[in-house]
*Asks:* 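This is the structure, below, for whatever I ask next.
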Amino acid sequence: MSFKSINHVLGNIERSAQWQEQLFPRLLKCWVEVVGNPVAAQTRPLSIQRDVVWVATSSAAWAQNLTFGRKTILMKLNHKLSTSLVDIRFSTAEWNSSSITGTQTTVSASEHPSYVADDMTAMKVTPNRENALGAFENWAKIMQVRSHGLPLCPQCQCPTPPGEIERWNVCSLCATKLLE
Ligand SMILES: [Zn+2]
């Protein structure tokens, strides 16, 4: 097969895909009219793929009943749309997901706790650690200046006379609190 004929075939596939994409909104428009309100309430056309209409149904019973009656629906559809669709497939599989599910699924996938956690671990841990360390060093320097070189109480981080820390391991205030 030459490139030219492959391109020709691909072109045909593309065109027919486009045609079926354009066809689908038309099918949606006449669906209620073709199947009637009671059936329309239990069904939702999903797509047209290779001249087969895929329809979600609310229950397995509906899928079964409509599968038996699909030739009639198909005839009406083809008449209405001037198409030559070959079949209709009914399935409960997609019933609980609406037509905008695609985007919803994508969003919820990225919002999934573990997905976000993985992302955070990969992206942010290193800079966070550096920032935290830098912030601590700055804070320690400031505290050292403020405390005129006095050691800090390990409990409340206040500048504390070395004698207090020697005696209680904390400042006198914290020592009093610990004794209470
Ligand atoms: Zn203290």
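Start at 1 and go down the list; that is how both ligands and their atoms are numbered. In what follows, every heavy atom counts, from backbone to side chain, and hydrogens, waters and symmetry copies are set aside.
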*Asks:* Restricting to pairs with a member in residues 150-175, which pass salt bridge (Lys or Arg N to Asp or Glu O under 4.0 Å), not counting sequence neighbours?
*Replies:* none
*Asks:* Looking only at the side chains, is there a donor atom on one of Thr43 and Trp31 sitting less than 3.5 Å from an acceptor on the other?
*Replies:*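 Yes - a donor-acceptor pair under 3.5 Å links their side chains.
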*Asks:* Could you list the cluster mates of Trp54? Members are the ILVMFWY residues connected by side-chain heavy atoms closer than 4.5 Å, either directly or through other members.
*Replies:* Leu46, Val52, Val86
*Asks:* Main chain of Gln49, side chain of Ser47: is a donor-acceptor contact present, judged purely on distance under 3.5 Å?
*Replies:*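 Judged by distance alone, no pair lies under 3.5 Å.
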*Asks:* Would you list the pairs meeting salt bridge (Lys or Arg N to Asp or Glu O under 4.0 Å) in which at least one residue belongs to residues 84-93, sequence neighbours left out?
*Replies:* Arg70-Asp87, Asp87-Arg89
*Asks:* I want to verify a count. Protein N, O or S atoms less than 2.8 Å away from the Zn ion (ligand 1), how many are there?
*Replies:*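 Considering protein N, O and S only, the Zn ion (ligand 1) has 4 within range.
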*Asks:* Would the distance check show the side chain of Arg44 and the main-chain N or O of Val55 forming a donor-acceptor pair, the cut-off being under 3.5 Å?
*Replies:*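 Side chain of Arg44 to backbone of Val55: no pair is present.
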